[in-house]
Amino acid sequence: MDYNFREIESKWQRAWKQTEAYRVSNDSGRPKYYVLDMFPYPSGSGLHVGHPLGYIASDIFARYKRLKGFEVLHPMGFDAFGLPAEQYALETGQHPAITTAENIRTFKAQLDRIGFSFDWSREVNTSDPSFYHWTQWIFLQLFDCWFNTASGKAERIQALCKIFEAEGNRNQPCPSGPGLSFGAKEWKQCSEKRRQEILMGYRLAYCGLGEVNWCEALGTVLANDEVINGLSERGGYPVVRKKLRQWYLRITAYADRLLEGLRSVNFSQAMKEMQTNWIGRSEGAEIRFPLRVTGGGPDREGLSLLVYTTRPDTIFGVDFMVIAPEHELASRLAAPGHEVSVKQYLDYVASRNERERMAEKAITGIDTGSVAINPFNGREVPVWISEYVLAGYGTGAIMGVPCGDERDHRFATHFGIPITNIIGSFYDGSKANPTNSAILEQSGFLDGMVMSAAVEVVIRELEKRGFGCRKVNYKMRDAAFSRQRYWGEPFPIVWEDGIARPLKESELPLKLPHVDQYRPGPEGEGPLANLESWTRLHLETNTMPGYAGSSWYFLRFMDPHDSKAFCSRKASDYWGQVDLYIGGTEHAVGHLLYSRMWTKFLFDLGYIGHDEPYRTLVNQGMIQGVSELAYRVIPGKYPLGDLIPPASGGDGEAPSHLPNPENVPVYFSADWLPEGKQDGFQLIHLPINMVANHVLDIPAHAAANPDACYITRSGYFSQGVWHSPEGGLPEFRTVPQVEKMSKSKYNVVNPDDIVDKYGADTFRLYEMFLGPIELSKPWDTQGIEGVHRFLKKLWRLCYSESGELPTKNGSPPPEALKILHKTIRKVGEDTEKLSFNTAVSQFMICVNELTAMSCRDPEVISSLLILLAPYAPHISEELWHALGNQGTILTAAYPDWEEKLLKEEHFLYPVAINGKTRTEMSFPADAEPGMIEKEVLAHPVVLKWLGEKKPKKVIIVPRRMVNVVL
RNA sequence: GCCCGGGUGGCGGAACUGGUAGACGCGCUGGACUCAAAAUCCAGUGGUAGCAAUACUGUAUCGGUUCGAUUCCGAUCCCGGGCACCA
């Protein structure tokens with residue numbers, strides 16, 4: 001009886017489906033465990049072997065935890081709104097709803113074949129009205145809240161109105177407009193419209209004017225994390241900065257808590273680092289420098305310049321000031337004689353786009369001719385304008401300290417500004433030294449102080465004398481939350497006379513209307529602006545970005561059919577945090593930050609009881625493709641005759657009837673390329689299904705390229721005919737290359753093909769066996785045989801060649817128990833550590849040993865099957881039943897099965913010599929000192945340690961230690 | 001440039017808290033079965049020397065701590081990832 005995986009796998013998949021084996025209950029009373037995958041965007045190209053890597057890992061862990069007696073939530077859903085579906089709709093005219101539904105069907109079918117234990121009754125789809133109903137609802141809560149910096153959490157806007165009525169905004173400065181200031185009386189006198197404008201500046205979801213990333217090709221704005229090096233993440237189109245009216249999420253309000261929260265979660269160091277960098281918190285001070293502008297008119301008097309610095313201790317080293325070209329004072333500071341040059345410079349900067357600025361970081365700038373006055377010593381320094389100062393960070397102006405800052409130093413040197421040295425020998429005159437441990441010189445009241453200590457002194461002095469104040473700054477900006485697109489959640493907002501009115505809860509969900517065409521609307525608006533039925537109601541025409549739904553979907557899984565709430569408090573209290581979250585690194589600063597913010601927000605309002613969504617995050621690596629490349633003659637580069645190698649055994653003459661490479665492709669085998677002539681070739685990708693062991697199947701390839709000619713070490717192939725002096729078929733060798741899987745490189749491996757050929761269990765085991773999940777590694781189809789062999793071996797352990805099952809025949813041999821118990825222990829530990837590759841290795845060792853000692857004890861094998869079930873569920877279940885066990889492994893296994901089995905464990909004893917631990921050795925638990933002595937003394941390492949000495953005795957001391965006493 | 005990771009056979013990768021380095025798998029070599037192939041099974045497989053037992057050597061490089069270092073410390077080189085005028 002053969003291992004017929006196709007039959008077994010479909011049989012059990014059907015059975016699990018019918019019995020709803022993986023249905024999860026919210027009130028089982030058992031301890032919970034929540035295992036989640038980052039849900040996929042259902043793209044049109046389906047899964048490749050890299051996708052399931054994380055899903056397999058999470059499935060193994062979920063199944064393992066279930067066996068351990070936990071109620072395990074392990075759901076799957078689809079992040080179905082987003083740009084690609086709409087781009088596709090623009091190209092083909094197919095409605096995104098239709099293509100998305102199709103893609104989801106394909107994905108589910110592919111996923112189901114791999115035998116995942118998802119509870120599909122909890123499937124969510126972010127584009128479904130029953131889901132985005134609650135996305136819109138949460139948005140309304142964000143809209144209805146502000147961040148109280150005093151309490152450090154979100155509160156209702158109502159409470160803010162009360163504060164305004166009582167005392168104006170003097171204790172609650174406006175985060176959107178720092179200059180805004182009003183008293184209680186003024187607030188009461190404000191018109192409704194003005195009040196709404198003011199409140200908008202406080203809301204956590206707000207509409208405001210700001211510099212946004214505008215992508216012309218995609219016709220929409222993008223969030224900062226969706227722009228990479230000035231190009232859009234999707235599609236790689238150019239992105240420009242533009243001032244537009246947009247919806248934003250006030251994520252900056254949560255900056256400190258997002259940082260703080262990182263301490264309590266179990267993310268990789270790299271992930272925490274990335275988020276920390278993105279948030280970019282820095283502590284320093286704002287300092288106000290009075291300005292003196294010559295030839296001033298009335299608008300030029302009493303001006304001052306506010307700068308932000310993290311190094312207030314260097315205040316006496318300020319040799320110049322620089323403001324960003326976009327700074328409001330930039331055009332007003334030109335002193336007589338400088339007007340033209342300043343104007344020219346500002347025009348020059350305006351003509352350069354983001355990309356150009358980033359590409360060449362030339363030192364540019366212009367002197368305004370005006371001066372700033374150092375408030376501490378009255379020293380006058382020139383004020384410059386330069387593009388190296390960013391308008392969007394801090395105050396858009398800096399104080400230049402060339403001896404301590406590299407950029408300032410370059411700037412000063414370039415423009416010949418004299419440099420003041422305040423750090424003595426720490427500054428060598430050629431390069432800035434950013435040290436903070438120097439002793440300050442030429443620094444007035446700071447002289448003789450260590451820089452790091454001077455920081456506090458200066459800040460206190462600044463505040464005392466009113467020159468400035470302590471200030472914390474962040475790199476992170478508020479997140480652009482609206483898209484000029486169709487395929488997203490509509491905003492539940494109506495515009496009345498420029499006032500944004502939220503819809504009532506009873507009016508949700510605001511359904512996305514059907515459209516037939518997806519052209520952008522007028523004036524940079526989205527397609528919804530083309531719909532008369534929509535604009536008539538003055539509904540917001542933007543839609544929400546792709547990350548809206550994914551910011552909270554993990555909560556919906558807990559209570560997916562609730563029609564009264566996004567998730568009941570009871571459900572979220574039970575499931576709590578996601579215990580294990582698996583997904584790629586690409587969401588480090590997007591999805592992960594947004595979802596963490598939404599969680600904190602919902603926590604503030606008391607809708608959920610935890611304020612970090614994920615307890616442990618694991619980033620799975622990529623599975624790369626192995627491309628197969630061939631050398632192809634670049635037409636016109638060489639006369640072909642020059643390139644024809646003498647076929648071995650031939651006379652070295654060029655075959656006379658070879659085709660002309662000007663017209664047809666000529667390929668060279670990698671092992672027969674004239675030395676030093678590779679530059680006459682280009683490497684092209686070959687379809688990997690026509691290559692085996694880096695040898696091209698020429699007839700197959702030629703079938704698609706009938707004119708092509710293939711030249712190898714021992715002959716060539718042209719026009720469907722072999723020319724081989726040796727006879728037989730010459731080998732055409734390819735060049736393997738590891739790179740990202742992509743259609744255009746013909747190196748995509750489809751999991752369906754692998755499952756067809758080897759079965760889901762083999763596929764699952766092999767993906768795990770490849771290496772640690774966090775690691776990126778190339779897919780190697782050859783290696784899969786070894787894992788498949790293991791399952792066949794296991795099968796044969798149960799079914800003999802004649803198809804007979806083993807029968808119980810006395811108690812199993814101690815050696816068999818020893819390896820079984822070692823496997824139980826090792827696999828348990830490895831699974832807990834998510835070290836699935838070493839666990840698979842241990843299974844192989846176990847089966848190898850059992851086979852070698854021909855132990856076919858049904859109990860031993862059944863125990864092994866329980867252990868294997870999370871990894872290879874189908875074969876485990878099948879053999880479990882064949883061996884006469886009842887129920888599914890899932891229902892039959894009991895939480896303490898491991899402990900019961902481990903009663904007979906062969907413990908690893910630490911071996912010590914004269915009390916000093918040396919190594920660990922394995923002995924049966926009931927081992928007698930006598931038998932231990934024999935084994936210990938036979939161990940080569942112990943022999944080496946002992947040398948010539950004879951031990952006095954070998955004793956077992958407490959804590960299961962073996963001690964050799966000399 | 002800055003900040004994180006990481007360098008182990010032909011390859012993917014093991015090695016718990018310092019304790020027989022190279023588990024497990026692939027590949028390769030030889031053998032058994034077979035008319036033959038496939039499948040399966042057995043043996044070998046870091047390097048050098050040797051018929052062999054064995055010896056020496058070996059975890060990027062150099063140095064240190066230790067009875068003992070892939071593991072800890074210092075310096076250098078290389079690779080991967082992230083950030084990149086954030087004052």
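Chain naming here is simple, since letters A, B, ... match the order of the sequence lines and numbering starts at 1 in each. No hydrogens, no waters, no symmetry mates; every other heavy atom, side chains included, goes into these values.
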Residue [X], side-chain heavy atoms: nucleotide from [options] that is nearest:
X	options	result
A:Glu273	B:rA87, B:rC3, B:rA23	B:rC3
A:Thr310	B:rA87, B:rC24, B:rA14	B:rA87
A:Asp780	B:rA87, B:rG13, B:rC26	B:rC26
A:Tyr388	B:rC85, B:rG13, B:rG12	B:rC85
A:Ile398	B:rC24, B:rC26, B:rA87	B:rA87
A:Asn837	B:rC4, B:rC24, B:rG13	B:rG13
A:Gln269	B:rG5, B:rC24, B:rA14	B:rG5

Phosphate oxygens OP1/OP2 of [N]: is one of them under 4.0 Å from a side-chain N or O of [X]?
X	N	result
A:Asn473	B:rA87	no
A:Asn848	B:rG25	yes
A:Thr585	B:rG82	no
A:Tyr393	B:rA87	yes

Sugar-phosphate only, base, or nothing, as touched by [X] at under 4.0 Å among non-hydrogen atoms:
X	answer
A:Ser268	nothing
A:Pro778	nothing
A:Arg477	base

Mind checking the [atom1] distance from [N] to [M]? Whole angstroms is fine.
N	M	atom1	value
B:rC83	B:rA75	C1'	26 Å
B:rA49	B:rU40	C1'	37 Å
B:rU29	B:rG10	C1'	13 Å

Notebook entry, point to check: Strictly under 6.0 Å, is that where the ring centroids of A:Trp278 and A:Tyr474 end up?
Noted result: no

Check: With distance as the sole criterion, is a donor-acceptor pair present between the side chains of A:Asn619 and A:Thr585 under 3.5 Å?
Finding: no

Notebook entry, point to check: With no hydrogens and no angle check, do the side chains of A:Ser841 and A:Thr838 hold a donor and an acceptor under 3.5 Å apart?
Noted result: no

Item checked: Shortest non-hydrogen separation from A:Phe289 to A:Ile315 and the atoms involved -> CZ-CD1, 3.7 Å

Next item on the list: Quick one, give me the B/S/- string for nucleotides 38-44 of chain B, reading 5' to 3', where B means a protein heavy atom under 4.0 Å from the base and S means that only happens at the primed atoms, P, OP1 or OP2.
Entry: --SS---

Next item on the list: Could you check which nucleotide pairs with B:rU17 in any of the strands shown, counting Watson-Crick or G-U wobble with both distances under 3.5 Å?
Entry: none

Item checked: Identified pairing partner of B:rG22, criterion: Watson-Crick or G-U wobble below 3.5 Å -> none

Check: Donor-acceptor pair, A:Asn213 side chain versus A:Leu222 backbone, under 3.5 Å?
Finding: yes

Note to self: Angle between ring planes, A:Phe411 versus A:Tyr388, binned at 30° and 60°: parallel, tilted or perpendicular?
What the structure shows: tilted

